[in-house]
Structure formats: structure tokens, C-alpha cells
Participant: 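So that we are looking at the same thing, I have put the structure below in C-alpha cells.
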Amino acid sequence: MHAVLNGDDGHLHWTEVPNPQIKEDEVLLEVHAAALNRADLLQRAGQYPPPPGWPDWFGLEAAGVITAVGKQVEEEGKWHVGDKVCALLGSGGYAEYVAVPEGMLMPIPNGLSMGEAAALPEAYGAAYLFLFMEGGLKAGDTLLVQAGASGLASVLIPMAKAFGARVITTVLNDEQEKAIEHLKADIVVNSSREVLVDVMKREMEGGRPVDITVDCLGGDTVGKCMPYMNYDGRWIMIATLAGDPTIVDLRNMYVRRTRIIGTNLRSRTPAQKKKLLSDMVDWIWPKVESGEVRPTIFKVYPIEQAEEAQDLMQSGKSAGKIVLTVKADAFDNI
């Protein structure tokens, strides 16, 4: 089979690799589409290697058709050859086939194509983890989502609103602000005209402080903005694209009982991921099928153009998920 490898020349190549061999608790997934995540860029830069046991090539989420099942999977009877599924992966989605532990599989929600479903597992799993498991989101909360034009934000914002939260998000410019209008954030902080700390201060003084922040940027903004979180606020760090260090007013932090939570999905154990995905199918899939929450697909590339797709994500000019098609039927309705 073929997979996308990071070559010694610094470029990505659609290259022949050995076929995956499945274990008793795994299925063989014929990949029809895979989606990009920022972790792919970190992996390409040598900063985020795949967990042990997973392939060297990229891809944290994919959708396709089961073509073989291990003995244990066959005995349990939940998954069968021919089932159309999406999968959360440690890596390996940029390929024609991938071996997937049965606990990392989810049915494709009714009404979605495999191309759309490929954009669900990592982004939706991460969003569910950050909002509900780490953040304890409830109706009436105010959520701040940094980098509102990112693929993850395109999930976080509508998911939070579907469960009754009020959402503030940030963008860099007018172009990004227009691109995310359909997400219907309650407040969009355009950093070309406003400073986030001023907005947060104004919201706190108006009686609507931020309860939960999901932050992929970090840097100086964290320390400047934390004093304007609500009591028992949760600042959830998932990446530090704007810088690792910040200066925190510790006195304000303990007085307001603010918590900084560092978290990610990729390093979770298989058992933790299986439980998360099961809960997500129960709680989030109905919102997807009703249309309240849907993946925002920004651009689609054939798998052979994976490098161009990653370069687009690296540029910061995308607003939503980028998807790679491996099979021609990836966006046919199921």
C-alpha cells in the first residue's frame, strides 16, 4: 500500500510501505479520507512523534470501510467487514489502509459523507475532552476560544453553543472574522482592532466574565488575561503557538480560585480514549445528526497533495478543517 512519508529532503512523499497487520482486537480500515491536525505539523518538524506501536506516517483521524476484523473483534460482534466508520488514530491516517483498535472506532453519523466524518474523531474528541471532561461546561457558561479560525475552533464554538454556552473567540483580521461568521460566536475579538484583555475586563465588569478558556496560543496573553476570569475559572492550555512562557499573578489566581489545566488527547491511554469516544457518540452524535453541530470543511486535497495541504495549515490562512481524499467516493452521501 501507499502512505505519506516525511522524506529526507524535507518534502512529503506518497510512498509504498508494508501493509498493516491487524491484531486480535483490531480492524483493518480502508481509508477513504483523512483530516489534518496541527499535531501533524509538529510531527513533521520532529517535535511530536507518534505513540509507541503506531506508524511513522501522519494522520490522527480518518474514515473509511472495514475490510478485515481480528478474532476478538469478530467474537464480540460489534464491528463487521463492510461497516463504514471513522477512527481516532495515534498516527497512520495518511495511507490507503490503517490498523485500528476496535475501541477507537465510531459509526459515521447519519447524513455525513466519509470525507466529513474524517474531520470528526480528533477534533470532536478533543473538543469533547476540553469542554466537558476538563472544562465542565454547562448551559449559561461563557467560553473563550482562542484562534477562532482554526479547525478546532470550528468545532468548539458550535458544540459549546449547542449545549447552551455563550462564546467569545479571537481572530487576527477582518478576513478571518468574515470567514467564521457562520459559527455564530457571540463576541468576535478582532485583534487588528481590539485587545483581548480589554474585552475580558469589560465582560467581567459587565457581569459576564469568562468561565472557561480553551487556549492554543499561550504566550504573554495568558498572564494578562487570567485576572479577568470568573471565580473558579478554568484556563485550559492545549498548545503554545504564541510562546511557552507567561507571567502569572499568583495572588489573583488563588484569590479567584483560577485553575490552569494542561491537557491533550493524543497521549491518553487506549482505555481513556475508548471511554471518551463512547460518551461522544452518545452525547455529540445526536447534535451532529440534527445539524446543530457539523464539521466545517475549508478545503479538500487529494492525498498526493498532502504537503500542499499541510503548508496551507501552516500558513494560518485556513478557517476550518482540511481534508485529504484517498478514494474518489469520499464525499458521496452515505
Participant: Would you call Lys84-Glu30 a salt bridge at under 4.0 Å N-O?
Facilitator: no
Participant: Let's go through Asp332 and Ser113 carefully: what are the C-alpha distance in whole Å and the side-chain angles of both, what is the deciding distance for side-chain contact (heavy atoms from CB on, under 4.5 Å) to 0.1 Å, and is it a yes or a no?
Facilitator: CA-CA 6 Å; Asp332 292 349; Ser113 66; 5.9 Å; no
Participant: Test side-chain contact (heavy atoms from CB on, under 4.5 Å) on Arg208 and Arg166; report intermediate values, then the result.
Facilitator: CA-CA 10 Å; Arg208 305 197 75 173; Arg166 175 172 173 265; 3.0 Å; yes
Participant: Measuring only between side-chain heavy atoms, which start at C-beta, is His182 closer than 4.5 Å to Thr296?
Facilitator: yes
Participant: For the side chain of Asp282 and the backbone of Asp279, is there at least one donor-acceptor N/O pair under 3.5 Å apart?
Facilitator: no
Participant: Is there a donor-acceptor contact under 3.5 Å from the side chain of Ser150 to the main chain of Gly148?
Facilitator: no
Participant: Does Ile66 share a hydrophobic cluster with Ile22, counting links as ILVMFWY side-chain heavy atoms below 4.5 Å and allowing steps through other members?
Facilitator: no
Participant: Is the side chain of Thr142 donor-acceptor paired with the backbone N or O of Asp211 at a distance under 3.5 Å, no angle test?
Facilitator: no
Participant: Consider only side-chain N and O atoms of Asn173 and Asn190, and report whether a donor and an acceptor are under 3.5 Å apart.
Facilitator: no
Participant: Less than 4.0 Å between a side-chain N and a carboxylate O, is that true for Asp311 and Arg44?
Facilitator: yes
Participant: Can you tell me how far apart OH (Tyr228) and CG (Leu144) are? Round to the nearest 0.5 Å.
Facilitator: 14.5 Å
Participant: Check this for me: does any side-chain nitrogen of one of Lys201 and Asp198 sit under 4.0 Å from a carboxylate oxygen of the other?
Facilitator: no
Participant: Flag the pair Glu96 / Trp14 as yes when at least one side-chain heavy-atom distance between them is below 4.5 Å, and no otherwise.
Facilitator: yes
Participant: Any idea which heavy atoms bring Asn37 and Glu122 closest together, and the distance?
Facilitator: OD1-CG, 3.3 Å
Participant: Could you check whether Arg193 pairs with Glu177 (Lys NZ or Arg NE/NH1/NH2 to Asp/Glu carboxylate O, under 4.0 Å)?
Facilitator: yes
Participant: Of Arg268, Arg234, Arg259, which meets salt bridge (charged side-chain N to carboxylate O under 4.0 Å, His left out) against Glu134?
Facilitator: Arg268
Participant: Does the side chain of His11 come under 3.5 Å of the side chain of Glu307 through a donor N or O and an acceptor N or O?
Facilitator: yes
Participant: Should the ring pair Phe132 and Tyr128 be called parallel, tilted or perpendicular, given that the plane angle runs from 0 to 90° and is split at 30 and 60?
Facilitator: tilted
Participant: Would you check if the side chain of Glu24 reaches a backbone N or O of Lys71 as a donor-acceptor pair within less than 3.5 Å?
Facilitator: no
Participant: Which heavy atom in Ala309 sits nearest to a heavy atom in Tyr301, and how many Å separate them?
Facilitator: CB-CD1, 3.4 Å
Participant: If only side-chain N and O atoms count, and only distance matters, is there a donor-acceptor pair under 3.5 Å linking Asp40 with Tyr94?
Facilitator: yes
Participant: For the pair Glu289 (side chain) and Asn110 (backbone), establish whether a donor and an acceptor sit closer than 3.5 Å, ignoring hydrogens and angles.
Facilitator: yes
Participant: Less than 4.5 Å apart, side chain to side chain, heavy atoms only: is that true for Ile303 and Thr325?
Facilitator: no
Participant: Centre of Tyr231's six-membered ring, under 6.0 Å away, within 45 degrees of the axis: is that where NZ or CZ of Arg256 sits?
Facilitator: yes
Participant: For a side-chain contact (heavy atoms from CB on, under 4.5 Å) check, start with the C-alpha distance between Ile187 and Thr169, then their side-chain angles and the critical distance, and finish with the verdict.
Facilitator: CA-CA 6 Å; Ile187 297 175; Thr169 194; over 6 Å; no
Participant: Is the number of heavy atoms from other residues, nucleotides or ligands within 6.0 Å of CD (Gln305) greater than 12?
Facilitator: yes
Participant: Shared ILVMFWY cluster between Val300 and Leu324, side chains joined below 4.5 angstrom?
Facilitator: no
Participant: For residues Val171 and Ser191, determine if any side-chain heavy atom of one lies less than 4.5 Å from a side-chain heavy atom of the other.
Facilitator: no
Participant: Check the surroundings of atom CD in Glu175: do more than 12 heavy atoms from other residues, nucleotides or ligands lie under 6.0 Å from it?
Facilitator: no
Participant: Tell me which one of Lys78, Lys274, Lys23 satisfies salt bridge (charged side-chain N to carboxylate O under 4.0 Å, His left out) with Glu102.
Facilitator: Lys274
Participant: Sub-3.5 Å donor-acceptor pair from the side chain of Asp215 to the main-chain atoms of Ile236, do we have one?
Facilitator: no
Participant: Within a strict 4.5 Å, meaning less than it, do heavy atoms of the Pro295 and Leu120 side chains meet?
Facilitator: yes
Participant: Would Val293 and Leu265 show up in the same hydrophobic cluster when neighbours are defined by side-chain heavy atoms closer than 4.5 Å?
Facilitator: yes
Participant: Indicate yes or no: at least one non-hydrogen side-chain atom of Phe298 is less than 4.5 angstrom from one of Ser154.
Facilitator: no
Participant: Would the distance check show the side chain of Lys273 and the main-chain N or O of Arg266 forming a donor-acceptor pair, the cut-off being under 3.5 Å?
Facilitator: yes
Participant: In Å and rounded to the nearest 0.5 Å, what is the CG to CG distance from Leu217 to Leu241?
Facilitator: 6.0 Å
Participant: Would the number of heavy atoms belonging to other residues, nucleotides or ligands and lying under 6.0 Å from NZ of Lys287 be above 12?
Facilitator: yes
Participant: Which heavy atom in Leu29 sits nearest to a heavy atom in Val65, and how many Å separate them?
Facilitator: CD1-N, 3.5 Å
Participant: Taking all non-hydrogen atoms of both residues into account, name the closest pair between Ile212 and Gly136 and its distance.
Facilitator: CD1-C, 4.5 Å
Participant: Rounded to the nearest 0.5 Å, how far apart are CH2 of Trp79 and CD of Glu26?
Facilitator: 15.0 Å
Participant: Determine, using the 4.5 Å side-chain heavy-atom cutoff (strictly less than), whether Tyr48 and Leu5 are members of one ILVMFWY cluster.
Facilitator: no
Participant: Run Asn230 and Val210 through side-chain contact (heavy atoms from CB on, under 4.5 Å) and show every step you take.
Facilitator: CA-CA 6 Å; Asn230 200 1; Val210 171; over 6 Å; no
Participant: Out of curiosity, Asp83 CG to Thr67 OG1, how far, rounded to the nearest 0.5 Å?
Facilitator: 11.5 Å
Participant: From Lys178 NZ over to Ile180 CD1, what is the distance, rounded to the nearest 0.5 angstrom?
Facilitator: 12.0 Å
Participant: When clusters are formed by joining ILVMFWY residues with side-chain heavy atoms under 4.5 Å apart, either directly or through shared neighbours, do Met159 and Ile238 land in the same one?
Facilitator: yes
Participant: Can you tell if the side chain of Asn6 reaches within under 4.5 Å of the side chain of Trp57, non-hydrogen atoms only?
Facilitator: no
Participant: How many angstroms lie between atom CG of Leu277 and atom CD1 of Ile284, to the nearest 0.5 angstrom?
Facilitator: 11.5 Å
Participant: So which heavy atom on Met104 is nearest to which on Pro270, and how close?
Facilitator: CE-O, 3.4 Å
Participant: Report yes or no: does Arg38 contribute a side-chain atom to a donor-acceptor pair with the main-chain N or O of Met313 at less than 3.5 Å?
Facilitator: yes
Participant: Which heavy atom of Val281 sits nearest to which heavy atom of Pro107, and what is that distance?
Facilitator: CG2-CD, 4.3 Å
Participant: Does atom CG of Asn252 have more than 12 heavy-atom neighbours, drawn from other residues, nucleotides or ligands, at distances under 6.0 Å?
Facilitator: yes
Participant: Of Glu116, Met114, Met106, which is the lone residue that meets side-chain contact (heavy atoms from CB on, under 4.5 Å) with Cys86?
Facilitator: Met106
Participant: Please answer whether the main-chain N or O of Ala35 pairs with a side-chain N or O of Lys321 as donor and acceptor at a distance below 3.5 Å.
Facilitator: no
Participant: Judged by atom type as modelled, is there a donor-acceptor pair below 3.5 Å linking the side chain of Ser315 to the main-chain atoms of Lys317?
Facilitator: yes
Participant: Between the side chains of His2 and Thr15, does any donor sit under 3.5 Å from an acceptor?
Facilitator: no
Participant: Could you check if a side-chain atom of Ile261 sits within less than 4.5 angstrom of a side-chain atom of Trp235, using non-hydrogen atoms only?
Facilitator: no
